[in-house]
Amino acid sequence: MSWRDKLRDVEPYQAGEQPKIQDLIKLNTNENPYDPGLKVKEAIKNFDHLHLSLYPRPDADDLKHSIALYHGLKDEQVFLGNGSDEVLALTFLTCFNGSDPILFPDISYSFYPVYCELYQMDYKMLPLNSRFEIVKEDYYQSNSGIIFPNPNAPTGVLVDLDFIEDILKHNQKSIVVIDEAYIDFGGKSAVSLLDKYENLLIIQTFSKFRSLAGIRLGVALGNKELVSRLYDVKNSFNSYPIDSLAQVIGKASMEDSEYIKANALKIIETREYTKKELKKLGFVMPDSQANFIFVKHPYYNAEDLFMKLRERKILVRYFKKEKIDQYLRITIGTRQQMERLIEEVKDIVS
C-alpha cells in the first residue's frame, strides 16, 4: 500500500465562478449588489492596525452580544464562525452523530452531501415534489438529524413556521437545522421557535442580507447547550475563529440594520419586477422568496442560454445536474443590472 492509498478521497463542493472579466454583471453567487453601509465603512477606517499583531478576542463578545440583542436572545445562544459554511461543517460534526441517516432534500445546498462524504456519515436525500416543495411527511422517519435551507436553494421556495414546527414535533429525538441564509428576503425566521424546541438550530450568514460575503462571518442560534457543544468542537482545532477586523465590521453591520433592511426591500422589489418580465418572455419558475430566482424556458436550452449570456458579460449559475439541468439560478442585482439582463435574454430567446 502506498502513501496515496492513505489519503482521503472526496469530491469537493464546486463554488460559483469568480471570474476576472471587466464590466461583468455578476449574477451567479447570490451576492448583495449594495454596499454594506456607512457604519461598516467608518469601522474599517477607524480600525487600529496595531490590533492585527495580536490574537483576536476568542469569544467575540461585543459582536455576539449585538447579534443576541437583535434577535432577542441571550449571548450564550449565539455561535460564530468563519462564514456559514464553516458553521455548517461544525454543525455536522457536532450534531449529526447517530447511526441513522441524515435527511435533507435532493435539490438543495450541494455542500450537505459533501460534508457527509467528508465525515463518512450516512445520509438520505429526499425528493422534492413536482413544484420543488419539500414534502414534510418524508421527514417523519428515523434519522440522525435533519437539515434544509429556508428558503431552499437553488429553488428559492419558502416554507412557513407551521411547516417547520411540524417537522420539529415529529423529530424530538434528533436535531433539526434550518439554514436561513436567505430568510431576510421574504420569510420569517424560526428564531421565535427556539424557546419552544431545544432540538432546533438556526444558521445564518452575513454574506447575503448584510452585503459582507468578503469577511466570512456565519452564525448559529440555538439553546445554550447546543451552542456550547459547537464551541467545544470548534475549539478542538481552532480557538480563534473570527479575526479582529471581522468582529468590528460585524458589530457595525448589526448597528446599521435599518439601512440593510432598506436594501433588502430594494432587492425584493427588483426580484418581483424580474419575475414579471421573464414570465412575459415565457419563462417558468418557482415563487422565490430569496435574493435569486430559478428559471426555465420551455423552448430554450438552459446551458445554451447560460453560455450566450456569458458571451454578453452576464454571468448566472447553471447546474448540470439531473432534474434541474434546464434551469438557471439568477441572483437579483440592482434594477439597472436586471433591466440589462432582461434586454439580453429577450434578444437571445426571440
- prompt: Side chains of Ser142 and Asp100: do they bring a donor and an acceptor to under 3.5 Å?
  reply: no

message: Which label fits Phe104 and Tyr123: parallel for a plane angle under 30°, tilted from 30 to 60°, or perpendicular past 60°?
response: parallel

query: When you look at CD of Glu269, are more than 12 heavy atoms from neighbouring residues, nucleotides or ligands closer to it than 6.0 Å?
result: no

Over 12 foreign heavy atoms within 6.0 Å of CZ, Arg312: yes

message: Within the 4.5 Å heavy-atom criterion, are Val219 and Phe79 side-chain neighbours or not?
response: no

statement: One should read off an interatomic distance between Ile202 CD1 and Ile183 CD1, to the nearest 0.5 angstrom, of 9.0 Å

message: Enumerate the side chain to side chain donor-acceptor pair (under 3.5 Å) contacts for residues 46-56, please, sequence neighbours excluded, ordered by first and then second residue.
response: none

message: Nearest 0.5 angstrom please: Ile178 CD1 to Ile146 CD1, how far?
response: 8.5 Å

message: If we count only N and O atoms by modelled type, under 3.5 Å, do the side chains of Gln172 and Tyr197 hold a donor and an acceptor together?
response: no

query: Any side chain to side chain donor-acceptor pair (under 3.5 Å) pairs touching residues 247-257, not counting sequence neighbours?
result: Arg210-Ser253, Arg210-Ser257, Lys251-Glu255

query: Is the distance between the ring centroids of Phe306 and Tyr327 under 6.0 Å?
result: no

Side-chain (Glu180) to main-chain (Ala190) donor-acceptor, under 3.5 angstrom: yes

query: Taking side chain as C-beta onward, heavy atoms only, is Lys64 less than 4.5 Å from Asp59?
result: yes

message: I'd like to check the side-chain contact (heavy atoms from CB on, under 4.5 Å) partners of Gln337; sequence neighbours left out, ordered by chain and number.
response: Ile25, Leu27, Pro33, Thr334

message: Could you measure the distance from the OG atom of Ser288 to the CD1 atom of Ile293? Nearest 0.5 Å is fine.
response: 7.5 Å

field: Modelled atom types, side-chain donor and acceptor of Tyr182 and Gln289, under 3.5 Å
entry: no

- prompt: Is Asp5 atom CG crowded by more than 12 heavy atoms from other residues, nucleotides or ligands, each under 6.0 Å away?
  reply: yes

- request: State, without any angle test, whether Asn171 and Tyr140 hold a side-chain donor-acceptor pair at a distance under 3.5 Å.
  value: no

Stepwise salt bridge (Lys or Arg N to Asp or Glu O under 4.0 Å) test for Asp304 and Lys308: CA-CA 6 Å; Asp304 290 345; Lys308 288 186 179 297; over 6 Å; no

- prompt: Would you call Glu277 and Lys280 a salt bridge, taking side-chain N to carboxylate O under 4.0 Å as the test?
  reply: yes

task: Go through the structure and list residues passing salt bridge (Lys or Arg N to Asp or Glu O under 4.0 Å) with Asp35, not counting sequence neighbours.
output: Lys41

task: Calculate, to the nearest 0.5 Å, the distance between atoms CE and CD1 belonging to Met125 and Ile102 respectively.
output: 12.5 Å

task: Assign the ring pair Phe148 / Phe163 to parallel, tilted or perpendicular, where the plane angle (0 to 90°) is split at 30° and 60°.
output: perpendicular

- prompt: Does some side-chain heavy atom of Phe47 sit less than 4.5 Å from a side-chain heavy atom of Leu52?
  reply: yes

task: Take Phe292 and Phe185, measure what ring pair (Phe, Tyr, Trp, His ring centres under 6.0 Å) needs, and give me the verdict at the end.
output: CA-CA 9 Å; Phe292 57 84; Phe185 298 104; 8.9 Å; no

statement: Between the NZ atom in Lys74 and the CD atom in Glu76, the distance rounded to the nearest 0.5 Å is 6.0 Å

Audit row: Lys261, Glu258, salt bridge (Lys or Arg N to Asp or Glu O under 4.0 Å) steps and yes/no: CA-CA 5 Å; Lys261 289 176 183 177; Glu258 293 308 310; 3.5 Å; yes

- prompt: Got a salt bridge between Asp166 and Lys136, using NZ or NE/NH1/NH2 to carboxylate O under 4.0 Å?
  reply: yes

task: Apply side-chain contact (heavy atoms from CB on, under 4.5 Å) to Arg216 and list each qualifying residue two or more places apart in sequence or on a separate chain.
output: Asp85, Ser207

- request: Please check if atom CD in Glu344 has more than 12 non-hydrogen atoms from other residues, nucleotides or ligands closer than 6.0 Å.
  value: yes

field: Glu11 and Glu117, any side-chain heavy atoms less than 4.5 Å apart
entry: no

- request: Verify whether one side chain among Thr29 and Lys26 offers a donor that lies under 3.5 Å from an acceptor in the other.
  value: yes

task: Kindly write out the residues that satisfy side-chain contact (heavy atoms from CB on, under 4.5 Å) with Asp184, not counting sequence neighbours, or none if the list is empty.
output: Phe209

message: Side chains of Arg57 and Asp62, heavy atoms from C-beta outward: is any pair under 4.5 Å?
response: yes

- request: Give, for atom CD1 of Ile342 and atom OG1 of Thr274, the distance between the pair rounded to the nearest 0.5 Å.
  value: 4.5 Å

query: Angle class for the Tyr119/Tyr115 ring planes (parallel below 30°, perpendicular above 60°, tilted otherwise)?
result: parallel

task: Taking the side chain as every heavy atom from C-beta outward, state whether His297 and Phe283 have any pair of such atoms under 4.5 Å apart.
output: yes

message: Between Phe319 and Pro154, is there a side-chain heavy-atom distance shorter than 4.5 Å?
response: yes

message: Using side-chain heavy atoms (C-beta onward) and a distance below 4.5 Å, is Leu245 in contact with Ile249?
response: yes

